[in-house]
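Keep in mind that this is a model prediction, so the values were computed, not measured. Chain identifiers are assigned alphabetically (A, B, ...) following the order of the sequence lines, protein sequences preceding nucleic acid strands; residue numbering begins at 1 within each chain.
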Amino acid sequence: MLDLKKLKKDPKSVVDNLKKRGFKLDLDKWEKLEALRKSLQSDTENMQAELNEISKEIGIHKKDGTDSSKLEKKAGEITLKIKSQSKDLSPILEDLDNFVSSIPNLIDEDVPEGKDEEDNLELRTSGNPRNFNFTPKDHLELGSQLGGIDMESGVKITGARFVVLNGDLARLQRSLINFMIDIHTKEHSYEEVYVPYVVNSESLFGTGQLPKFEEDLFKLQGKENFYLASTAEVPVTNLFRDKILDSKSLPAKFACHTPCFRSEAGSYGLDTKGIMRLHQFEKVELVQAVEDKDSDTALEELTGHAEEILKRLELPYRVVTLCSGDIGFSAAKTYDIEVWIPSQNKYREISSCSNFRDFQARRMKARWKNPSSNKTELLHTLNGSGLALSRTVLAIMENFQQKDGSIAIPEVLRDYFGSNKIPS
RNA sequence: GGAGAGGUGGCUGAGUGGUUGAAAGCGCUCCCCUGCUAAGGGAGUAUAGGAUAAUCUCCUAUCGAGGGUUCGAAUCCCUCUCUCUCCGCCA
């Protein structure tokens with residue numbers, strides 16, 4: 001949620017900033033609503049103050065046993081007025097609320113301007129795409145040959161964009177989970193957490209998936225406000241909701257493996273082959289809550305943590321800064337890490353690392369006690385994939401494939417996997 | 001799923017209709033006292049919104065959430081939710 005004080009103080013810069021992401025803030029509407037709210041609210045509050053005063057007096061009269069009927073009559077009139085006024089006020093408050101909670105975060109100064117993913121800015125690359133001395137296959141072909149990727153069963157059991165992995169590939173994914181979590185906990189000092197995969201609407205509001213992006217989520221029947229988590233960001237970041245953290249516990253860093261469920265509405269026809277884009281996939285997520293002054297460095301650090309996994313797996317990748325038109329609703333700045341996919345001859349997203357600054361924290365009242373000012377201040381939250389599992393499996397298959405269709409296992413993973421290749 | 005009990009400030013815990021935003025204690029902050037330590041004394045210590053140029057200030061809201069009764073609700077009524085105890089079921 002935006003800092004409304006900022007909007008009041010300097011509406012133009014807020015409008016300009018939001019414009020960069022292609023969001024048109026209807027300032028007129030807001031100012032009108034706000035003016036209306038102000039006058040109605042201060043009016044009601046004044047009446048309430050008067051009523052409180054009179055009620056107190058009545059109390060004193062009752063205690064003394066003196067007559068208070070005149071006061072009671074007057075108070076009754078005021079009460080009626082307040083009630084009718086509140087009826088006018090509450091829809092305005094609701095409008096304001098909806099209006100404000102649908103405004104995306106402000107983007108950082110150094111976010112490149114642009115329209116869509118074409119305008120994202122490449123920051124660095126790591127590793128070199130391999131030169132194949134044979135024609136490389138795509139992961140689906142490889143997986144089908146190995147009998148490890150079973151799209152048909154996924155469709156039968158559930159439907160399109162669901163998959164069954166068998167044998168070595170299932171084990172490869174599981175070993176990757178352990179590998180990633182171990183590095184993040186042992187070397188990058190994250191604490192491992194296990195969290196619910198079903199989340200309520202408050203949690204989704206907190207991280208910014210609601211109210212605007214309900215169509216991306218799977219909603220559960222029955223329980224009115226339960227959804228399948230689209231990312232561990234939701235349950236893990238909400239660990240900080242309604243909390244005031246001690247400065248000693250900062251930075252708070254959590255690593256978490258969960259499945260992710262996304263309806264992928266609006267992605268019809270995109271990545272229909274194989275396991276690139278699924279309704280259900282596994283992910284190891286990194287989440288941090290830090291002091292405001294630390295979030296810039298924390299983003300660099302967190303991105304580095306995700307990159308480290310790719311480096312060790314010897315997968316070529318690049319890091320891009322998302323441009324103003326491509327960045328997500330809640331983020332102030334985002335680095336996407338893209339892994340090399342030989343069959344597509346390009347880099348594809350495998351991790352997205354974002355600094356949300358105080359945007360999520362304001363929505364979920366995630367605060368910390370600043371000992372120097374002795375005040376409670378909003379935390380800054382960050383998260384990033386470290387990494388998305390199905391795409392890591394895909395990338396290993398394609399980048400490490402051998403001429404005979406077998407797949408070599410990256411050196412660092414062999415102990416976890418228990419062998420040095422997946423035979424054809 | 002059935003039956004009961006309960007949700008009060010950073011924590012513990014009083015408070016069943018009237019100057020209660022809320023006693024007391026703990027914790028924390030500042031000050032005083034003591035040669036040091038131990039101890040003692042005093043003051044302060046929620047969040048959000050608003051008025052104001054701003055602050056000491058003032059107003060409003062908040063005692064799980066939402067409604068209701070009343071001049072007035074932490075306190076009474078209704079709905080929901082969560083926690084605990086017992087029973088049932090169960091990986």
Side-chain angles (χ1 to χ4, degrees), chain A residues 1-10 30-101 194-206 210 220 222-227 235 238-250 252 358-379:
Chain A
M1 200 133 65
L2 278 194
D3 183 2
L4 287 181
K5 284 191 184 130
K6 198 177 251 171
L7 184 55
K8 279 174 199 170
K9 234 188 225 162
D10 192 3
W30 182 73
E31 277 170 350
K32 270 180 198 149
L33 277 171
E34 186 56 13
L36 208 55
R37 194 225 85 209
K38 213 179 218 177
S39 77
L40 271 175
Q41 185 166 322
S42 69
D43 217 43
T44 357
E45 284 185 359
N46 286 338
M47 287 196 281
Q48 188 66 52
E50 195 185 346
L51 178 64
N52 288 348
E53 200 56 44
I54 295 174
S55 295
K56 253 182 215 171
E57 278 180 52
I58 293 172
I60 293 166
H61 278 289
K62 297 263 174 189
K63 219 169 225 174
D64 297 348
T66 49
D67 177 59
S68 61
S69 53
K70 255 191 187 162
L71 286 175
E72 281 179 49
K73 190 168 169 243
K74 190 170 175 201
E77 284 162 14
I78 297 175
T79 306
L80 283 181
K81 264 198 247 170
I82 291 176
K83 273 188 183 155
S84 85
Q85 189 106 304
S86 317
K87 251 181 217 149
D88 298 338
L89 183 59
S90 64
I92 291 167
L93 289 178
E94 204 173 307
D95 279 1
L96 268 174
D97 214 44
N98 289 335
F99 185 81
V100 171
S101 52
Y194 168 82
V195 294
Y197 305 154
V198 173
V199 295
N200 61 31
S201 52
E202 287 82 3
S203 295
L204 287 159
F205 179 84
L210 289 180
L220 298 187
K223 274 286 192 178
E224 199 51 49
N225 61 346
F226 280 7
Y227 298 79
N238 273 279
L239 286 170
F240 307 119
R241 171 148 58 94
D242 291 319
K243 283 221 167 161
I244 300 176
L245 297 192
D246 194 284
S247 66
K248 284 182 214 116
S249 61
L250 299 175
D358 61 13
F359 187 84
Q360 294 181 326
R362 185 171 291 106
R363 291 178 154 242
M364 63 172 77
K365 293 187 183 63
R367 292 160 300 174
W368 65 291
K369 189 93 170 176
N370 186 339
S372 59
S373 67
N374 210 18
K375 289 207 160 142
T376 50
E377 298 177 13
L378 290 169
L379 287 162

Worksheet entry | Within 6.0 angstrom of A/Lys8 NZ, more than 12 heavy atoms from elsewhere | yes
Just N and O in the side chain of [X]: are any of them under 4.0 Å from OP1 or OP2 of [N]?
| X | N | value |
| --- | --- | --- |
| A/Lys83 | B/U69 | yes |
| A/Gln48 | B/A61 | yes |
| A/Ser55 | B/U19 | no |
| A/Lys38 | B/U60 | no |

Worksheet item: Going by an N to O cut-off under 4.0 Å, is there a salt bridge joining A/Glu77 and A/Lys74?
Response: no
Worksheet item: Counting side-chain heavy atoms from C-beta on, which of B/C71, B/G50, B/U60 comes nearest to A/Glu34?
Response: B/G50
Worksheet item: Counting side-chain heavy atoms from CB outward, which of B/U19, B/U60, B/G18 is closest to A/Ala49?
Response: B/U60
Worksheet entry | Whole-Å gap separating P (B/G49) and CG (A/Asp3) | 9 Å
Fill in: Pairwise C1' distance for B/A14 and B/A24, with rounding to whole Å
7 Å
Item to complete: Using the P atom as the reference point in each nucleotide, state the distance between B/U45 and B/G21 in Å, no decimals.
Response: 16 Å
Under 4.0 Å, heavy atoms only, any strand: does [X] hit a base, just the sugar-phosphate, or nothing?
| X | value |
| --- | --- |
| A/Asn52 | sugar-phosphate |
| A/Lys243 | nothing |
| A/Arg367 | sugar-phosphate |

Worksheet item: RNA chain B: stems of at least 3 consecutive Watson-Crick or G-U pairs, cut-off 3.5 Å?
Response: B:1-7 with B:81-87, B:10-12 with B:24-26, B:27-32 with B:40-45, B:46-51 with B:57-62, B:64-68 with B:76-80
